[in-house]
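Heavy atoms only: backbone and side chains are in, while hydrogens, waters and symmetry mates are out.
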Amino acid sequence: MILQNNIEEKIQLLEEKFEKINQKTETHLEGLLWAKPITYWDYIQTDALLNLQIQRSTLPDEMVFIMYHQVNELLFKMILWEMDQLCHTALPSTAFFTERLNRISRYFDMLTTSFDIMKDGMEPEQYLKFRNTLTPASGFQSAQYRMIEFGSTDLINLVDIRFRASFDKNASYSEILDHLYWQAAGKDYHTGEKSYLLAEFERKYKKEFLSFMEEYSNINLWQKFKQLPEADQKNPDLVAAMRHYDKTVNITWVMGHFNAAKKYIESVPGSHEATGGSDWKKYMLPKYQRRIFFPQLWTKEELDNWGEE
């Protein structure tokens with residue numbers, strides 16, 4: 001009798017669900033008769049996923065390089081997924097804000113600790129051979145990482161430090177994009193000429209970037225934090241989560257990336273360029289770029305010594 005009641009209750013709920021979208025319950029129930037049972041490999045799309053690794057060389061360690069970066073992109077997608085939920089919640093509670101931010105930080109913690117796979121998981125001799133088949137592509141061209149930055153902070157904090165203090169606060173999104181810190185890795189500021197690396201990156205993603213920048217201008221993580229009640233902005237758990245995220249993304253993760261790149265790039269006699277030809281040291285090192293998402297949450301001493309440790 002209990003089982004019968006449960007079945008009738010569920011059918012009633014299905015009736016209500018399908019009625020809302022002008023569908024017939026019996027049609028969907030009949031469809032279940034012919035549907036195949038789900039399997040792990042169908043749900044995860046394992047076959048498709050495992051066929052996305054296409055080498056450009058015959059060197060085995062290139063496969064490590066490809067898969068590592070694909071895993072990074074999947075984690076970036078997870079970060080953007082959480083960021084979307086948090087930033088588009090009209091009035092997030094402090095607990096919800098803290099919990100979602102900690103999720104995002106855990107993904108970046110995972111990215112940070114994974115750099116040993118890159119640093120110690122490939123033979124330098126192999127890397128130095130297959131890296132030339134990748135030119136002019138570069139990890140610089142990760143669009144998802146750029147969107148994570150746009151969704152984290154006010155855009156002024158991403159403007160090149162050389163222009164930041166005097167930058168026009170009423171500048172268009174296109175002008176802001178043209179003066180972001182990472183432009184320095186692909187632009188000659190004496191001539192204004194953009195490298196092929198940067199020009200292709202913008203050709204592919206500029207419209208998407210401008211749209212994303214506008215969408216998140218008033219709902220990025222910092223703006224959502226400032227929308228909380230003043231007492232909640234002083235919540236120690238939330239402040240700690242904000243600081244951890246800021247430091248992890250802009251110092252710890254960056255330095256892990258830097259040290260992995262340094263091992264291989266500096267092993268090239270007479271050449272210290274990244275695959276895309278960028279000035280990778282000035283582009284990456286926190287003490288040069290001073291990328292800080294939430295500068296208001298750090299002391300003057302911490303800001304003065306940003307990235308020095």
Side-chain angles (χ1 to χ4, degrees), residues 1-56 60 62-111 113-114 117 139 141-148 150-152 204-205 207-216 219-221 224 241 245:
M1 181 63 69
I2 294 176
L3 179 61
Q4 181 65 31
N5 289 341
N6 285 341
I7 291 174
E8 290 177 357
E9 181 183 349
K10 287 181 173 58
I11 290 176
Q12 179 60 38
L13 291 172
L14 286 172
E15 292 276 8
E16 294 173 6
K17 172 183 177 179
F18 291 125
E19 186 178 352
K20 290 178 180 178
I21 57 173
N22 197 29
Q23 293 285 298
K24 293 182 179 180
T25 304
E26 56 267 32
T27 302
H28 287 270
L29 289 174
E30 185 174 353
L32 289 174
L33 292 174
W34 312 112
K36 294 190 300 181
I38 191 68
T39 61
Y40 173 82
W41 50 90
D42 286 335
Y43 181 65
I44 302 300
Q45 292 291 293
T46 311
D47 292 342
L49 184 64
L50 299 183
N51 278 284
L52 295 175
Q53 295 76 43
I54 310 299
Q55 290 189 233
R56 290 178 60 84
E62 186 193 356
M63 187 62 79
V64 177
F65 190 79
I66 293 171
M67 287 190 285
Y68 177 77
H69 283 83
Q70 288 183 343
V71 168
N72 278 2
E73 290 295 333
L74 287 173
L75 284 165
F76 289 160
K77 185 172 183 178
M78 292 173 77
I79 290 165
L80 286 168
W81 185 257
E82 299 294 348
M83 189 175 287
D84 176 77
Q85 294 176 68
L86 175 52
C87 293
H88 285 91
T89 297
L91 296 170
S93 68
T94 302
F96 177 79
F97 199 123
T98 305
E99 191 272 336
R100 283 299 191 273
L101 192 56
N102 282 333
R103 285 191 189 187
I104 293 170
S105 288
R106 279 195 295 273
Y107 299 143
F108 260 107
D109 289 340
M110 183 176 176
L111 285 164
T113 57
S114 73
I117 295 172
Q141 295 170 314
S142 171
Q144 290 197 114
Y145 183 69
R146 302 305 167 200
M147 289 189 281
I148 288 170
F150 299 153
S152 294
K204 172 70 173 173
Y205 292 112
K207 288 183 180 179
E208 188 175 353
F209 283 167
L210 294 176
S211 175
F212 197 93
M213 290 163 71
E214 182 176 8
E215 177 184 354
Y216 277 79
I219 61 168
N220 61 64
L221 292 178
K224 297 303 291 187
Y245 174 66

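- At a threshold of 4.5 Å between non-hydrogen side-chain atoms, the residues D109 and T113 do not count as touching.
- Annotation: the span from L101 atom CG to F96 atom CZ amounts to 11.0 Å, rounded to 0.5 Å.
- Here the CD atom belonging to E208 is positioned 10.5 Å from the CD atom belonging to E215, to the nearest 0.5 angstrom.
- Dense packing is recorded around CG of L52, with more than 12 heavy atoms of other residues, nucleotides or ligands lying under 6.0 Å away.
- The closest donor-acceptor contact from the side chain of N220 to the backbone of Y216 lies under 3.5 Å.
- Here the side chains of L14 and H28 are not in contact, with every heavy-atom distance at 4.5 Å or above.
- Atoms CG and CH2, from L49 and W41 in turn, are 15.5 Å apart once rounded to the nearest 0.5 Å.
- The two atoms that bring H88 and I219 nearest to each other are NE2-CD1, 3.5 Å, heavy atoms only.
- For the residue pair K224 and A90, the shortest heavy atom distance occurs at NZ-O, 3.3 Å.
- Judged by distance alone, the side chain of S114 and the main-chain N or O of L111 form a donor-acceptor pair under 3.5 Å.
- Between the NZ atom in K204 and the NZ atom in K207 there is a gap of 12.5 Å [rounded to 0.5 Å].
- Note that CG of L29 and CD1 of I11 are 6.5 Å apart. Values are rounded to the nearest 0.5 Å.
- Here the closest non-hydrogen pair linking N51 and D47 is ND2-O, 2.6 Å.
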Can you give me every donor-acceptor pair (side chain of residues 71-82, partner residue at least two apart or in another chain, under 3.5 Å) with its distance?
from: E73; atom 1: OE1; to: Q144; atom 2: NE2; distance (Å): 2.8
from: E73; atom 1: OE2; to: S142; atom 2: OG; distance (Å): 2.8
from: E82; atom 1: OE1; to: R100; atom 2: NE; distance (Å): 3.2
from: E82; atom 1: OE1; to: R103; atom 2: NH1; distance (Å): 3.2
from: E82; atom 1: OE2; to: R103; atom 2: NH1; distance (Å): 3.0

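- Judged by distance alone, the side chain of T89 and the main-chain N or O of Q85 form a donor-acceptor pair under 3.5 Å.
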May I have the list of side-chain donor-acceptor pairs in residues 15-22 shorter than 3.5 Å, sequence neighbours left out?
from: E15; atom 1: OE1; to: T25; atom 2: OG1; distance (Å): 3.1
from: E16; atom 1: OE2; to: Q12; atom 2: NE2; distance (Å): 3.3

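- The shortest heavy-atom contact between L221 and F97 is O-CZ, 3.6 Å.
- Heavy-atom minimum distance, A241 versus S105: O-OG, 4.3 Å.
- Here the straight-line distance linking atom CE of M67 with atom CD of Q53 works out to 6.0 Å at 0.5 Å rounding.
- A 4.5 Å side-chain heavy-atom check between M83 and M147 finds every atom pair outside the cut-off.
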